[in-house]
Amino acid sequence: AKPGQVPMRKRQLPASFWEEPRPT
Amino acid sequence: LWQGRGVASSKLWMLEFSAFLERQQDPDTYNKHLFVHIGQSSPSPGDPHLEAVDICQIYDKFPDKQGGLGELFQRGPPDAFFLVKFWADLNTSVEDEAGCFYGVSSQYQSAENMVITCSTKVCSFGKQVVEKVETEYARYEGGRYLYRIHRSPLCEYMVNFLHKLKHLPEPYMMNSVLENFTVLQVVSNRDTQETLLCIAYVFEVSAGAHGAQHHVYRLVKE
């Protein structure tokens with residue numbers, strides 16, 4: 001089902017989605 | 001090796017993608033600022049595989065009418081669908097925008113000689129606001145076919161959007177705007193209409209001082 005206007009933070013996304021990568 | 005480790009289907013590899021601002025400092029010097037950037041180095045067998053994201057989690061952020069993300073995904077091939085989360089670098093420190101050039105460059109590689117069509121849709125609250133369609137021919141080089149979209153000018157909508165965004169006083173305000181801003185890029189074979197790559201871009205602003213960052217995910221249907 002479509003999440004509708006559910007904030008991105010409340011969606012089932014990998015933890016890495018919220019972690020800005022460190023520069024390599 | 002690219003497959004599963006970068007933005008690459010069995011038919012097409014994305015080698016580079018950048019959106020930038022270039023300013024001529026003096027007749028011989030150009031300053032280039034990268035808002036977002038993907039520069040893929042050659043993968044090795046030990047590199048980790050991409051994590052998967054269920055496409056249902058992001059459907060509503062992209063057009064769903066004819067030719068929308070859902071319809072494209074149903075048509076496949078499934079290995080051509082990716083989600084890229086960008087942490088954009090908006091610290092341009094350019095006050096005077098006279099003589100500035102806003103552009104996008106990207107480069108792709110394939111084992112096949114094709115004519116590719118690249119559609120880029122900018123979306124607000126999941127609805128398309130502008131679309132650019134570009135056609136590129138292959139250049140044979142070093143045993144592979146390269147496709148290069150070089151310094152494609154950013155449209156007026158995007159230039160205005162970036163201008164307003166970077167003048168917001170707080171990062172949380174920028175992220176609040178970016179929550180409803182997305183880009184859908186579809187690269188297809190012009191002659192067969194086969195989808196070669198479909199990339200859904202979502203954004204936040206970078207909190208660090210080390211430039212733009214990104215994560216790439218495979219889009220799957222669970």
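Keep in mind that what you see is a predicted model, and the values were worked out from it rather than measured.
- A heavy-atom distance below 4.5 Å is not found between the side chains of Tyr217(B) and Leu13(A).
- Using a distance-only test at 3.5 Å, with no hydrogens or angles considered, a donor-acceptor pair links the side chain of Glu179(B) to the main chain of Met8(A).
- Checking side-chain atoms of Glu20(A) against main-chain N and O of Ala207(B) turns up a donor-acceptor pair under 3.5 Å.
- Residue Arg11(A) comes nearest to Lys61(B) through the heavy atom pair NH2-CE, 3.7 Å, listed as atom of the first residue, atom of the second, then distance.
- Side chains of Trp18(A) and Glu204(B) form a contact here, defined as non-hydrogen atoms less than 4.5 Å apart.
- Across all their heavy atoms, Ser16(A) and Trp87(B) have their closest contact at O-CH2, 3.8 Å.
- Heavy-atom neighbours of Phe125(B) CZ from other residues, nucleotides or ligands within 6.0 Å: at or below the threshold of 12.
- With a 4.5 Å cut-off on side-chain heavy atoms, Glu222(B) and Gln12(A) do not count as touching.
- Within the 4.5 angstrom heavy-atom criterion, only backbone atoms of Ala52(B) (N, CA, C, O) approach chain A.
- For a heavy-atom cut-off of 4.5 Å, chain A lies close to Leu83(B), Lys85(B) in residues 73-85 of chain B.
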